[in-house]
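Following: one structure in structure tokens, then a few remarks.
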Amino acid sequence: MVGNQGQVNSSTPCAACKLLRRRCAQECPFSPYFSPHEPQKFACVHKIFGASNVSKMLMEVPESQRADAASSLVYEANARIRDPVYGCMGAISALQQQAQSLQAELNAVRQEIMRYRRHDNVVADAATADATAAMMVQTSGYQGHNLHDRGVASNPLSTQTTPSEVYTVPSPNSVTTPDLKERSYWSPLN
């Protein structure tokens, strides 16, 4: 390379100048951002935006941000080639939908965890109540096994019902049958 401005770059030209088949000058706006080792990047950008538009866009950006701008142009051009209709917006929309779906799944998992925690608390509370009742029975010297034989819960603090409390068998005299008249749903055709 020659140090004077306006001089031709004697080494390999940048990807842009190589594609455009021109000499790569020292002040070439593309050479810092489009390496000769990755010609497909500029080819993509050139196909979508055009060389003069890319040059204008890079010159409008402060020099400290030009490398990021060139990377952004490459990304946008690749997205537009993959999806000519939506381009980057298609990718952004797909990612937003994926994020919403994952957020909904995360909320469902959190609700499931809360449901399990509530269940564990109820079980723990019942176990604590049973242990308290057992301790009360032991300290009072009361034997609760006779109550089990009669179908009564030995735990006075237990909120569970025994089967005899839930189901009652009616006596034969208390059962009434409804009066059903015989109905003929079929009538012969006259």
Side-chain angles (χ1 to χ4, degrees), residues 1-132 134 155 157-161 166:
M1 288 194 296
V2 180
N4 299 338
Q5 290 192 0
Q7 296 293 323
V8 176
N9 188 353
S10 60
S11 65
T12 58
C14 67
C17 293
K18 193 172 188 177
L19 182 74
L20 299 172
R21 294 192 173 130
R22 64 179 190 187
R23 293 185 177 181
C24 192
Q26 186 69 27
E27 68 275 353
C28 176
F30 303 116
S31 66
Y33 315 110
F34 297 103
S35 166
H37 305 294
E38 298 176 312
Q40 73 280 4
K41 285 185 177 181
F42 185 78
C44 239
V45 170
H46 180 261
K47 182 177 182 178
I48 299 300
F49 299 108
S52 62
N53 288 332
V54 173
S55 175
K56 287 177 191 175
M57 286 188 262
L58 289 175
M59 291 303 136
E60 289 176 358
V61 176
E63 193 170 345
S64 63
Q65 297 175 349
R66 286 183 188 163
D68 292 334
S71 296
S72 178
L73 288 172
V74 170
Y75 180 81
E76 289 180 38
N78 284 327
R80 184 62 66 178
I81 287 174
R82 279 193 309 271
D83 187 358
V85 176
Y86 295 108
C88 283
M89 285 308 298
I92 291 169
S93 176
L95 289 173
Q96 285 175 340
Q97 288 175 356
Q98 185 179 5
Q100 289 172 352
S101 172
L102 291 173
Q103 185 64 43
E105 187 177 335
L106 179 63
N107 290 340
V109 168
R110 284 181 177 162
Q111 289 176 352
E112 190 73 18
I113 290 171
M114 292 302 293
R115 195 174 310 126
Y116 282 122
R117 283 184 181 166
R118 280 190 221 119
H119 180 266
D120 287 346
N121 288 340
V122 168
V123 170
D125 290 345
T128 303
D130 288 343
T132 305
N155 182 359
L157 300 176
S158 175
T159 58
Q160 297 176 348
T161 58
V166 175

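- Contact between R80 and G87 at its shortest, heavy atoms only, is NH1-N, 3.8 Å.
- Atom-to-atom distance recorded for Q97:CD and I92:CD1 is 12.5 Å, nearest 0.5 angstrom.
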Sequence neighbours excluded and cut-off under 3.5 Å, please list the side-chain donor-acceptor pairs for residues 63-70, or say none.
from, atom 1, to, atom 2, distance (Å)
R66, NE, L58, O, 2.9
R66, NE, V61, O, 3.1

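- For N78 (side chain) and V74 (main-chain N/O), a donor-acceptor pair under 3.5 Å exists by modelled atom type.
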Residues 40-55, side-chain donor-acceptor partners within the protein, below 3.5 Å, at least two apart:
from, atom 1, to, atom 2, distance (Å)
K41, NZ, E38, OE1, 3.2
N53, ND2, F49, O, 2.8

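- Taking SG of C24 as the reference point, atom CZ of F30 lies at 10.0 Å (rounded to 0.5 Å).
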Item to complete: Before giving the answer on side chain to side chain contact (heavy atoms under 4.5 Å, CB included), spell out for E112 and V109 the whole-Å C-alpha distance, their side-chain angles and the decisive distance to 0.1 Å.
Response: CA-CA 5 Å; E112 190 73 18; V109 168; 5.5 Å; no

Discussion item. Using side chain to side chain contact (heavy atoms under 4.5 Å, CB included), reason through M114 and R110 one step at a time and then give a plain yes or no.
Written reply: CA-CA 6 Å; M114 292 302 293; R110 284 181 177 162; 5.6 Å; no

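- Nearest heavy atom pair, residue P29 against residue M59, reads CB-CE, 3.1 Å.
- Nearest heavy atoms, C28 versus S31: O-OG, 3.3 Å.
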